[in-house]
Amino acid sequence: MLQLAKPLAIIDLETTGINLSTDRIVEIAIVKIQTDGTKQVKRKLINPEIPISVVSSDLHGITNEMVKDAPTFKMAANEIKQFLDNCDLAGYNSNRFDIPMLAEEFLRVGLDFDFKGRRLVDVQKVFHLMEQRTLSAAYKFYCNKNLEGAHGAEADATATWEVLVAQIEKYPQLGNTVESILKVIGEDNTVDFARRMILENGVEVFNFGKHKGRAVADVLRAEPQYYDWMMKGDFPMHTKQKLTEIFNRTLLKKG
């Protein structure tokens, strides 16, 4: 069994689309595993306050009609935040989508959800490192079960937990702690969840555009208008938050 130093919250989101800046959550499910192995589940439909795209609705089966009377994220944010208190976070492709999207939603309603001190376990990274498959295939491969209700947030989050448990049983080299798993699969070297900035040898560098590969601080010193351009542009709020932290530290001598 996975040995946990703190609770592990497995998160799965269904959304209006896949754009971190403009799309919104329509369903959230969290399977929280306590250090003694007991499990709690929280699932909520969320009114995104914008239309759900047809493509997304066809995928997860959630329609505009189904969420019109659901709470908005602002209404549910504190409850979700409290449920995640003192938890490490996990999911399937969660480092690239679910956690960045959740961070954006918290920032939109004025809550700075603190990710410092939390370990992020992306079960897809284990799977892709070891086997290279989708979640449904992972569930069949590791658990010998068919994933009923795929693309439903609770079904996917629960399946992800079962896959992770099966993975640590199958691959002894993973160990049985969050820390030992991350030693094998590695931790993301990102500064912001959208990966517009990454860490290289401990230095924040741009990961896109004309300044790709250059230190963010160097660019901001030489071209401070680049900060203004990004802050006015269609970048995720988390990207802008991290850019501002670097800007303040570099030019305003704060933080």
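Remember, predicted model here, so these are calculated numbers, not experimental data.
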The side chain to side chain donor-acceptor pair (under 3.5 Å) partners of Tyr227 (sequence neighbours excluded) come to Thr244
Does Gln241 have any side chain to side chain donor-acceptor pair (under 3.5 Å) partners at least two apart in sequence or in another chain, and if so, which?
Asp112
Which atom names give the shortest non-hydrogen contact between [X] and [Y], and what distance separates them?
{"X": "Asn86", "Y": "Lys6", "result": "O-CD, 3.5 Å"}
{"X": "Leu102", "Y": "Leu13", "result": "N-CD1, 4.0 Å"}
{"X": "Lys39", "Y": "Ile33", "result": "CG-CD1, 3.7 Å"}
{"X": "Ala194", "Y": "Pro236", "result": "CB-CG, 3.7 Å"}
{"X": "Pro48", "Y": "Val26", "result": "CG-CG1, 3.7 Å"}
{"X": "Ala77", "Y": "Phe106", "result": "O-CE2, 3.5 Å"}

Hey, can you tell me if Phe115 and His238 have their rings parallel, tilted or perpendicular (30° and 60° cut-offs)?
perpendicular
Angle between ring planes, Phe127 versus Phe141, binned at 30° and 60°: parallel, tilted or perpendicular?
tilted
[X] [atom1] to [Y] [atom2] distance, which is reported to the nearest 0.5 Å:
{"X": "Leu20", "Y": "Phe193", "atom1": "CG", "atom2": "CZ", "value": "10.0 Å"}
{"X": "Glu200", "Y": "Arg214", "atom1": "CD", "atom2": "CZ", "value": "13.5 Å"}
{"X": "Ile10", "Y": "Glu162", "atom1": "CD1", "atom2": "CD", "value": "10.5 Å"}
{"X": "Glu49", "Y": "Phe73", "atom1": "CD", "atom2": "CZ", "value": "11.5 Å"}
{"X": "Leu220", "Y": "Leu251", "atom1": "CG", "atom2": "CG", "value": "6.0 Å"}
{"X": "Glu169", "Y": "Cys143", "atom1": "CD", "atom2": "SG", "value": "9.0 Å"}

Would one find more than 12 heavy atoms of other residues, nucleotides or ligands at under 6.0 Å from atom [atom1] of [X]?
{"X": "Lys74", "atom1": "NZ", "answer": "no"}
{"X": "Arg96", "atom1": "CZ", "answer": "no"}
{"X": "Leu199", "atom1": "CG", "answer": "yes"}

State whether the side chain of [X] and the backbone N or O of [Y] hold a donor-acceptor pair below 3.5 Å, judged by distance alone.
{"X": "Asn47", "Y": "Asp69", "result": "no"}
{"X": "Thr15", "Y": "Ile25", "result": "no"}
{"X": "Arg196", "Y": "Asp192", "result": "no"}
{"X": "Asp12", "Y": "Ala29", "result": "no"}
{"X": "Arg43", "Y": "Val41", "result": "no"}
{"X": "Thr160", "Y": "Asp156", "result": "yes"}
{"X": "Asn64", "Y": "Ile52", "result": "yes"}
{"X": "Asp188", "Y": "Thr190", "result": "no"}
{"X": "Glu104", "Y": "Met237", "result": "yes"}
{"X": "Thr158", "Y": "Glu154", "result": "yes"}

Compute the centroid of each ring, for Tyr92 and then for Phe97, and state whether the two points are separated by less than 6.0 Å.
no
Are any of the side-chain heavy atoms of [X] and [Y] separated by less than 4.5 Å?
{"X": "Tyr226", "Y": "His211", "answer": "yes"}
{"X": "Lys140", "Y": "Leu147", "answer": "no"}
{"X": "Thr16", "Y": "Ser53", "answer": "no"}
{"X": "Asp88", "Y": "Leu120", "answer": "no"}
{"X": "Phe208", "Y": "Ile198", "answer": "no"}
{"X": "Gln167", "Y": "Met130", "answer": "no"}
{"X": "Ile80", "Y": "Ile28", "answer": "yes"}

Does [X] come within less than 4.0 Å of [Y], counting only side-chain N to carboxylate O?
{"X": "Lys44", "Y": "Glu79", "answer": "yes"}
{"X": "Arg119", "Y": "Glu179", "answer": "yes"}
{"X": "Lys210", "Y": "Glu223", "answer": "yes"}

Can a cation-pi geometry be assigned to Lys240 and Phe235, taking NZ or CZ under 6.0 Å from the six-membered ring centre and within 45° of the ring axis?
no
Do Lys32's NZ or CZ and the ring of Phe83 fall within the cation-pi criteria of under 6.0 Å and 45°?
yes
For Ile181 and Leu164: C-alpha separation, side-chain torsions, deciding distance, then whether side chain to side chain contact (heavy atoms under 4.5 Å, CB included) applies.
CA-CA 10 Å; Ile181 293 169; Leu164 178 58; 4.0 Å; yes
Evaluation steps, side chain to side chain contact (heavy atoms under 4.5 Å, CB included), between Val67 and Ile46
CA-CA 6 Å; Val67 297; Ile46 301 291; over 6 Å; no
